[in-house]
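Read through the structure below, which is laid out as structure tokens, and then see the notes.
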Amino acid sequence: MLTDAQVSQYHENGYTIPNYRLPDDTLADIRRDHDRLIQNHPEFRNYCPNVLAYDLSFLNYARVPEILDMVEQVIGADFALWNSSFFAKPALDGQATPWHQDGEYWPIRPPATCTVWMAIDDATVDNGCLRFIPGSHKKRTLRQHRINSDPNLTLNQELLPNEYSEEEAIDLILEAGQISLHDIYMIHGSIENRSPQSRRGMTLRYMPTTSIFDRDLASRQASEKGLLNHTERTLFLMRGHDLSGGNDFRIRL
């Protein structure tokens, strides 16, 4: 469970690093599953936007009771898993992720998601660890982004330079097995990996069921902004009930 101080940090700074660590055997299983994913889909060697569409083995890691308990502490007792991604960032040529807010990409209204970021390798300054701007979530607004189609970036939406100050950023240095939790409005990004060590990270995206996963909006975002098309995402009700009454949970766990 998160301590009171860690819950306060999540709400005050937009992120927290729990004391919890993934067990060694779980880390080994995730690495094995990722190796199999890349063997079958080499196009995802840097970034796989939806691992559950290709291998449901990854769903096992979204069901860890300790992780669900921590998510419940920050977004409430009724929530769903709507996505899981893998940011692999291979050694020597791992791609950068531009400064952005997650909510700019996602068809969730009102925007709400707690992201659990799992360090599958050590995440260091040298190999391109995440960088957060603490407190940047507080206005609860999506700031202005622009399209950047640079093929060397994992994502194509980036914040306009006047929307953030990189000088305020902190490095999210994690050891393999550590996790972090961050808010949908948090401004974050990461540099490329030119080091000899890979920096694999897996994300779990949990939304409170007070929000709606809007598939019509997903279709418009894909056609108007060139974003990934989220219309076929499967929603997994992890705990509680659909408080919005408007979500189509295709699978209930």
Side-chain angles (χ1 to χ4, degrees), residues 1-24 26-27 30-31 34 47-48 51 58 61-76 79 81-89 94 96-103 105-106 111-138 154-155 164 166 168-191 193 197-208 238:
M1 299 289 286
L2 298 173
T3 65
D4 290 344
Q6 289 166 342
V7 173
S8 295
Q9 183 192 33
Y10 182 88
H11 294 300
E12 179 67 20
N13 293 339
Y15 77 97
T16 193
I17 302 172
N19 300 328
Y20 173 81
R21 287 175 179 256
L22 295 168
D24 290 342
T26 300
L27 269 178
I30 295 174
R31 290 167 178 162
H34 182 251
Y47 171 52
C48 181
V51 294
F58 289 99
Y61 315 119
R63 302 170 68 180
V64 175
E66 293 88 347
I67 291 177
L68 297 180
D69 287 343
M70 289 183 280
V71 171
E72 181 172 333
Q73 285 181 271
V74 296
I75 64 172
F79 60 91
L81 178 80
W82 68 269
N83 191 37
S84 177
S85 304
F86 216 107
F87 291 83
K89 202 168 283 201
T97 298
W99 288 102
H100 69 285
Q101 293 169 294
D102 290 335
Y105 294 85
W106 299 340
T113 288
C114 170
T115 291
V116 176
W117 201 95
M118 308 163 74
I120 310 307
D121 300 313
D122 291 345
T124 68
V125 173
D126 289 340
N127 69 5
C129 64
L130 273 179
R131 306 192 74 208
F132 286 158
I133 298 182
S136 57
H137 68 301
K138 281 189 170 181
T154 57
L155 304 174
Y164 66 96
E166 193 168 347
E168 300 174 1
I170 59 99
D171 296 312
L172 191 73
I173 298 172
L174 299 174
E175 296 178 357
Q178 285 188 287
I179 69 173
S180 67
L181 281 66
H182 71 262
D183 183 83
I184 192 171
Y185 290 102
M186 167 66 71
I187 294 176
H188 60 293
S190 65
I191 65 171
N193 181 15
Q197 284 80 39
S198 67
R199 194 233 64 178
R200 286 172 290 182
M202 181 178 166
T203 61
L204 306 171
R205 316 287 195 181
Y206 300 96
M207 59 172 256
M238 305 302 288

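Heavy atoms only: backbone and side chains are in, while hydrogens, waters and symmetry mates are out.
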List the residues meeting side chain to side chain donor-acceptor pair (under 3.5 Å) with [X], not counting sequence neighbours, and say none if there are none.
| X | answer |
| --- | --- |
| Glu72 | Arg239 |
| Arg131 | Glu166, Asp171 |
| Ser84 | none |

Arg199 side chain to Gly128 backbone, donor-acceptor under 3.5 Å: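 Yes, the answer is positive, given that a donor and an acceptor are paired below the 3.5 Å cut-off.
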Point-to-point distance, once rounded to the nearest 0.5 Å, from OH of Tyr206 to CD1 of Ile184: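 One gets 15.5 Å once the value is rounded to the nearest 0.5 Å.
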From CG (Leu204) to OG1 (Thr113), nearest 0.5 Å: 12.0 Å
Does the side chain of [Y] come within less than 4.5 Å of [X]'s, by heavy atoms?
| X | Y | result |
| --- | --- | --- |
| Lys138 | Glu12 | yes |
| Tyr20 | Val64 | yes |
| Asn19 | Gln6 | yes |

Salt bridge (charged side-chain N to carboxylate O under 4.0 Å, His left out) involving Glu66 - partner list, sequence neighbours excluded: none
Residues in salt bridge (charged side-chain N to carboxylate O under 4.0 Å, His left out) contact with Asp102, at least two apart in sequence or another chain: Arg205
Residues in side-chain contact (heavy atoms from CB on, under 4.5 Å) contact with Asp24, at least two apart in sequence or another chain: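 Residues passing side-chain contact (heavy atoms from CB on, under 4.5 Å) with Asp24: none at all.
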Sub-6.0 Å ring centroid separation between His188 and Tyr15: no
Donor-acceptor pair between Thr16 and Gln9 side chains, under 3.5 angstrom: yes
